[in-house]
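In what follows, every heavy atom counts, from backbone to side chain, and hydrogens, waters and symmetry copies are set aside.
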Amino acid sequence: MFLYNLTLQRATGISYAIHGNFSGTKQQEIVVSRGKILELLRPDPNTGKVHTLLTVEVFGVIRSLMAFRLTGGTKDYIVVGSDSGRIVILEYQPSKNVFEKIHQETFGKSGCRRIVPGQYLAVDPKGRAVMISAIEKQKLVYILNRDAAARLTISSPLEAHKANTLVYHVVGVDVGFENPMFACLEMDYEEADNDPTGEAAANTQQTLTFYELDLGLNHVVRKYSEPLEEHGNFLITVPGGSDGPSGVLICSENYITYKNFGDQPDIRCPIPRRRNDLDDPERGMIFVCSATHKTKSMFFFLAQTEQGDIFKITLETDEDMVTEIRLKYFDTVPVAAAMCVLKTGFLFVASEFGNHYLYQIAHLGDDDEEPEFSSAMPLEEGDTFFFQPRPLKNLVLVDELDSLSPILCCQIADLANEDTPQLYVACGRGPRSSLRVLRHGLEVSEMAVSELPGNPNAVWTVRRHVEDEFDAYIIVSFVNATLVLSIGETVEEVTDSGFLGTTPTLSCSLLGDDALVQVYPDGIRHIRADKRVNEWKTPGKKTIVKCAVNQRQVVIALTGGELVYFEMDPSGQLNEYTERKEMSADVVCMSLANVPPGEQRSRFLAVGLVDNTVRIISLDPSDCLQPLSMQALPAQPESLCIVEMGGTEKQDELGERGSIGFLYLNIGLQNGVLLRTVLDPVTGDLSDTRTRYLGSRPVKLFRVRMQGQEAVLAMSSRSWLSYSYQSRFHLTPLSYETLEFASGFASEQCPEGIVAISTNTLRILALEKLGAVFNQVAFPLQYTPRKFVIHPESNNLIIIETDHNAYTEATKAQRKQQMAEEMVEAAGEDERELAAEMAAAFLNENLPESIFGAPKAGNGQWASVIRVMNPIQGNTLDLVQLEQNEAAFSVAVCRFSNTGEEWYVLVGVAKDLILNPRSVAGGFVYTYKLVNGGEKLEFLHKTPVEEVPAAIAPFQGRVLIGVGKLLRVYDLGKKKLLRKCENKVLASQGSFGFAIF
């Protein structure tokens with residue numbers, strides 16, 4: 001059986017992030033890898049919002065990512081190491097919005113293999129060479145250069161292999177313009193492999209090895225290697241040449257060390273620890289990621305510990321020798337997989353788990369009271385510095401990118417009774433866990449809502465002048481009046497706009513450069529910039545029933561199906577075409593396209609008739625008002641909209657024009673169906689019709705702008721947006737209440753918004769997360785959610801949350817109390833009062849664990865809770881805390897045949913489980929009765945079992961439980977669950993048993 005899968009939402013976790021000027025302009029961009037996807041992000045330097053420019057599926061696993069720039073260049077290229085056995089160099093082309101493959105060099109087999117390079121990438125800081133390394137043995141160096149046409153060239157690979165060697169990290173050393181140098185953290189395991197006693201393995205030391213690329217001889221040599229005292233986990237390049245002292249910083253357990261060649265002595269500084277930390281005191285501390293910021297005059301590093309604390313690291317130099325390392329506590333953010341400091345003053349944090357963040361660096365932390373730690377300060381071996389974590393001081397959060405990574409459990413159900421099911425997703429890890437409710441649709445930001453004096457039936461926005469960036473007026477039409485609102489700091493009613501206020505409006509628009517046109521049932525009002533008004537009145541008893549307007553043309557349909565066409569002449573006068581067109585049936589809707597750039601008119605008019613047809617009529621002077629094509633429809637049309645989509649009219653920064661889009665006729669029918677048909681720009685023929693059912697109400701269509709391109713807002717019982725995003729069409733519902741009429745809206749605060757009416761309110765909306773399939777609501781959880789079940793009657797969720805290496809709330813409070821008492825006892829007589837104050841402050845201190853992390857309790861320590869949650873409001877109805885070292889692994893909600901209609905919750909719990917080497921003191925199955933309509937858990941009894949109960953499922957009025965390798969059937973008893981039968985012939989269960997379906 002072969003199954004196809006359809007990706008509903010792309011991966012949101014980030015494994016690597018790099019920054020640079022990939023589009024060749026001064027703008028700073030970020031390239032992130034999401035497993036098998038490369039994505040280009042651009043933070044807006046003014047608003048701080050992160051926009052996705054391009055997303056590309058690479059059909060492989062991205063294992064490493066680096067940015068590099070040739071010497072003297074202004075553009076960064078992207079080097080990708082993957083499981084393809086190739087090194088790939090990409091260049092971003094802003095005019096086409098694509099990553100272009102510049103080079104793709106094959107060097108080995110595909111797959112993530114130990115000895116095939118791809119796991120590590122290092123770039124010479126001057127952009128002359130790149131090293132790609134495997135976990136073991138193989139390293140290749142490619143020389144990069146330009147040819148006569150300034151195109152990037154790549155050399156054949158130069159080998160730097162070393163057998164029996166494991167590689168932990170590789171960086172390019174900044175040596176200015178001397179021969180390029182690469183530093184590797186390596187370990188030689190040859191002796192350990194050949195020693196059966198295991199003594200050599202215990203004594204094997206990690207080495208720091210420097211490889212030099214000799215550009216003259218065109219080969220790579222191992223320049224220098226030295227054993228390390230501590231085991232390092234990664235390296236940081238120190239700027240060199242004219243910018244700094246060169247060399248590397250080695251991050252290892254509890255220490256950070258500076259090393260360089262020559263006479264430079266090693267400079268070693270301990271990693272500071274949190275004061276009064278609840279963590280296991282024997283636990284070492286490591287840095288997990290870093291970011292470097294370099295300007296012409298200074299440089300610093302930001303390094304983050306595994307608790308999330310960021311330290312600013314600077315080096316003190318005396319001539320070219322480094323004399324001390326200085327560390328200063330900067331701020332605490334969630335633990336990152338990658339960090340980037342942008343030249344625009346932002347810090348991008350790609351979180352290991354949960355949402356990603358963009359911070360603005362408000363202060364560099366130079367002139368605050370925070371203590372600075374230095375390698376020059378005298379300390380006993382094994383001692384370290386202590387600091388006090390605090391809320392953000394130097395960083396300001398400006399944007400957040402949703403991430404579901406990792407998803408541990410997911411169910412699809414319509415618990416909110418919204419017709420469309422929701423996805424309930426338990427995701428995250430530890431105190432950053434959440435339950436997220438995903439709804440299909442674009443997230444809508446409500447910018448403003450204001451009540452109107454009655455129920456309006458239409459709304460438009462117009463500009464004063466064609467060159468204006470923002471709209472000047474909102475025109476609201478009622479059954480018997482028109483209200484004109486001016487847009488400024490606030491939205492206020494105006495009476496001197498020239499619009500006729502005593503009649504409803506059918507349509508209005510900017511005409512020519514600076515005139516306005518208002519179409520109302522009795523005529524057309526042409527308002528010049530100097531407030532002169534020209535009126536055209538309808539003949540006899542006829543009234544205007546439908547109309548279509550754009551920047552230069554007005555078409556109206558009179559009662560009886562008569563079309564009258566007006567076009568603006570060069571003097572700005574609106575002239576009626578000599579002939580009129582009689583249609584064969586009443587007109588129910590009309591649409592004109594926008595006038596294309598550099599042209600006098602839009603060539604086509606679409607007219608929907610009551611006889612279930614749409615006609616395309618020419619407006620070209622040679623055959624004006626002649627029918628060109630016709631399409632029969634399955635139902636009566638409600639509205640029409642001609643848009644140009646799929647291309648881009650924007651010029652990029654280099655002034656190159658992008659591709660021009662296609663013309664599409666969108667037809668909204670009265671039965672709730674939307675049709676999209678291609679309109680031939682030469683002949684006016686209609687072809688390639690696509691259909692989509694949108695809702696139960698007739699479909700109204702409105703032209704809006706999204707990301708500088710035309711888009712269509714379709715309104716039925718639900719509102720939908722049809723738009724082109726990253727060269728693909730999207731038709732996505734809006735997660736918002738039903739709207740009745742809308743128009744595009746542009747103001748300083750909201751450059752690409754929508755103004756809409758719903759009953760008697762006027763709403764200004766913004767759609768910021770284009771391209772997203774789901775919008776989500778997140779409810780925080782305490783520990784990692786392992787599983788949840790839905791109570792069928794109340795629709796409440798029962799969630800089990802379990803964390804290893806964690807304390808329960810009770811143990812945490814106990815540990816805090818104990819530490820506070822020790823603080824007071826350790827103080828001398830004179831300091832007793834001060835110590836008591838400090839202990840009280842320590843007990844009252846409550847830093848949120850979702851940011852500062854939960855204390856690590858040590859191996860074999862478990863904490864669990866059982867939570868009953870209302871999934872609509874997200875409020876916790878009941879919370880059962882389990883004892884320390886009881887870990888909940890399975891949950892089921894069921895009825896027993898001998899108890900009637902009562903619902904029970906069974907939770908499988910392991911006691912004192914140690915993962916490695918595996919041991920367990922047994923397990924329990926807790927039985928709770930659901931009371932208060934499924935809102936409370938009432939404890940009945942707990943049933944001891946000899947192994948981990950890893951899976952529970954209802955089965956024919958009883959319950960099936962997987963206990964270790966056994967599968968048992970239990971029934972409900974008074975004091976405990978009663979074992980009815982068991983199966984002993986199941987295969988081994990791995991570490992956590994099996995699932996029952």
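Under a 4.0 Å N-O distance rule, the pair Arg552/Glu567 does not qualify as a salt bridge. With salt bridges taken as basic N to acidic carboxylate O contacts below 4.0 Å, one links Glu418 and Arg439. For the pair Arg532 and Asp530, the salt-bridge criterion is met [side-chain N within less than 4.0 Å of a carboxylate O]. A salt bridge links Glu446 to Arg763: at least one charged side-chain nitrogen sits closer than 4.0 Å to a carboxylate oxygen.
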### Message
Between Tyr520 and Phe499, does the ring pair (Phe, Tyr, Trp, His ring centres under 6.0 Å) criterion hold? Intermediate values first, please.
### Response
CA-CA 10 Å; Tyr520 58 99; Phe499 280 90; over 10 Å; no
### Chi angles and distances behind the salt bridge (Lys or Arg N to Asp or Glu O under 4.0 Å) call for Arg580, Glu576
CA-CA 9 Å; Arg580 293 184 180 180; Glu576 183 185 341; 3.0 Å; yes
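For the residue pair Ser735/Asn775, the side-chain donor-acceptor check at 3.5 Å is satisfied. Judged purely by distance below 3.5 Å, without hydrogens or angles, the side chains of Thr543 and Thr538 never pair a donor atom with an acceptor atom. Side chain to side chain, Gln551 and Ser509 fail the donor-acceptor criterion of an N or O pair below 3.5 Å. Between the side chains of Gln518 and Thr505, a donor-acceptor pair is found at a separation under 3.5 Å. No side-chain donor-acceptor contact under 3.5 Å links Tyr725 and Gln707. If you check the side chains of Arg615 and Thr613, you find a donor sitting under 3.5 Å from an acceptor. Gln28 and Asn21 are linked by a side-chain donor-acceptor pair at a separation below 3.5 angstrom, with hydrogens and angles left out of the test. For the 3.5 Å distance criterion, the side chains of Tyr92 and Glu100 fail to qualify, holding no donor opposite an acceptor. Checking Ser618 against Asp620 by side-chain atom types alone, no donor-acceptor pair falls below 3.5 Å. In the model, Asn550 has no side-chain atom that pairs as donor or acceptor with a side-chain atom of Asn594 under 3.5 Å. Residues Glu579 and Tyr577 have side chains that never bring a donor and an acceptor to within less than 3.5 angstrom of each other. Side-chain atoms of Asp685 and Thr683 form a donor-acceptor pair, as typed in the model, at a separation below 3.5 Å.
Side-chain contact check for Met583 versus Ile617: some heavy-atom pair is nearer than 4.5 Å.
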